[in-house]
Amino acid sequence: GRALGSCDKLTKLAVMLYGTALTDQGGKAIAAGLNRPELQDVDLRLHETVVGDETGIALGCALGSCDKLTKLSISLYGTKLTDQGGKLLASGLNRQELQDLDCRLFET
């Protein structure tokens with residue numbers, strides 16, 4: 001998250017973590033890195049991690065600040081996300097500029 005904070009001109013971002021010990025603390029740090037108004041294309045894949053509602057809430061907030069987001073792909077597989085975090089994550093997907101959305105939730 002902090003490393004991305006200095007990337008003022010970042011327009012495309014892909015984060016793929018598979019089978020890691022990533023928890024909500026790390027998930028929130030990743031979400032903080034997505035809080036970039038200039039982002040246009042995001043591909044986020046968190047598979048077989050223990051991220052949960054706190055990460056979902058943070059992702060929803062971060063994506064809500066991406067004013068130019070036109071393409072978004074989110075894949076969450078084998079996480080601890082519940083309805084509470086999922087609803088707030090979904091609220092961040094309500095973007096006027098969004099043209100291409102691929103959201104996949106498996107075994108969460």
Side-chain angles (χ1 to χ4, degrees):
R2 288 184 203 175
L4 295 173
S6 62
C7 301
D8 293 334
K9 297 182 181 179
L10 188 66
T11 60
K12 184 175 183 177
L13 176 67
V15 177
M16 297 166 198
L17 299 171
Y18 296 89
T20 69
L22 185 73
T23 64
D24 272 333
Q25 183 177 358
K28 289 190 301 187
I30 289 172
L34 296 177
N35 194 354
R36 317 286 322 144
E38 298 299 317
L39 273 178
Q40 298 172 15
D41 183 346
V42 174
D43 184 356
L44 176 63
R45 301 176 196 186
L46 302 177
H47 293 204
E48 297 296 332
T49 67
V50 291
V51 298
D53 288 340
E54 290 184 33
T55 298
I57 293 166
L59 285 171
C61 290
L63 292 171
S65 70
C66 297
D67 297 331
K68 298 181 180 181
L69 191 63
T70 59
K71 183 176 181 182
L72 175 62
S73 177
I74 295 180
S75 177
L76 301 175
Y77 174 80
T79 69
K80 305 287 184 193
L81 190 70
T82 67
D83 285 347
Q84 178 186 359
K87 281 192 264 186
L88 291 166
L89 170 58
S91 71
L93 305 180
N94 188 12
R95 309 294 318 137
Q96 184 175 1
E97 299 296 321
L98 195 58
Q99 299 172 11
D100 187 350
L101 173 63
D102 181 8
C103 184
R104 301 172 190 210
L105 305 175
F106 301 98
E107 295 183 25
T108 61

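Please read these numbers as outputs of a predicted model, since none were measured by experiment.
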task = Using the side chain to side chain contact (heavy atoms under 4.5 Å, CB included) rule, take Leu59 and Ile74 through it: C-alpha gap first, then chi angles, then the decisive distance, then the call.
result = CA-CA 10 Å; Leu59 285 171; Ile74 295 180; 5.6 Å; no
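- Remark: Leu44 CG to Met16 CE distance equals 9.0 Å, nearest 0.5 Å.
- Taking both residues in full, the closest heavy atoms of Leu46 and Thr79 are given as O-CG2, 3.8 Å, listed atom of the first, atom of the second, then distance.
- With hydrophobic clusters built from ILVMFWY side chains whose heavy atoms lie under 4.5 angstrom apart, Leu22 shares a cluster with Val42.
- Taken from CG in Asn35 to SG in Cys61, the straight-line distance is 9.0 Å, to the nearest 0.5 Å.
- The distance from the CZ atom of Arg104 to the OG atom of Ser73 is 6.5 Å, given to the nearest 0.5 Å.
- In this structure, Thr70 OG1 and Leu39 CG are separated by 10.0 Å, a value rounded to the nearest 0.5 Å.
- Under the 4.5 Å side-chain criterion, counting only non-hydrogen atoms from C-beta, Lys68 is in contact with Glu38.
- Between Ala31 and Ala62, the closest heavy-atom pair is O-CB, 3.1 Å.
- Residue pairs that meet the side chain to side chain donor-acceptor pair (under 3.5 Å) test with at least one member in residues 12-29, sequence neighbours left out, are Asp24-Thr55, Lys28-Glu54.
- Residues Tyr77 and Val15 fall into different hydrophobic clusters, defined by Ile, Leu, Val, Met, Phe, Trp and Tyr side chains chained together at heavy-atom separations under 4.5 Å.
- Once rounded to the nearest 0.5 Å, the distance linking CD1 of Ile57 with NZ of Lys87 reads 11.0 Å.
- Side chain of Asp67 to backbone of Pro37: no donor-acceptor contact under 3.5 angstrom is found.
- In the hydrophobic clustering of this structure, Leu13 groups with Leu63; members are Ile, Leu, Val, Met, Phe, Trp, Tyr whose side-chain heavy atoms approach within less than 4.5 Å, directly or through other members.
- Taking Lys80 as the reference, Val50 meet the side-chain contact (heavy atoms from CB on, under 4.5 Å) condition, with sequence neighbours excluded.
- One distance of note links OG of Ser75 with CG of Asp43; it measures 8.5 Å at 0.5 Å rounding.
- Clustering ILVMFWY residues whenever any of their side-chain heavy atoms sit less than 4.5 angstrom apart, transitively, puts Ile30 in the very cluster that holds Leu69.
- Hydrophobic clustering, with ILVMFWY side chains joined whenever heavy atoms are under 4.5 angstrom apart, keeps Leu88 apart from Leu81.
- Other residues, nucleotides and ligands place more than 12 heavy atoms under 6.0 Å from the CG atom of Asp100.
- Summarising the local packing, CG of Asp102 is surrounded by more than 12 heavy atoms from other residues, nucleotides or ligands at distances under 6.0 Å.
- Within the 4.5 Å cutoff, the side chain of Val51 has no heavy atoms near those of the Leu17 side chain.
- A donor-acceptor pair is defined here as one N or O able to donate and one able to accept, closer than 3.5 Å; such a pair exists between the side chain of Arg95 and the backbone of Gly64.
- Formation of a donor-acceptor pair under 3.5 Å by the Asp53 side chain with backbone atoms of Gly85 is found in this model.
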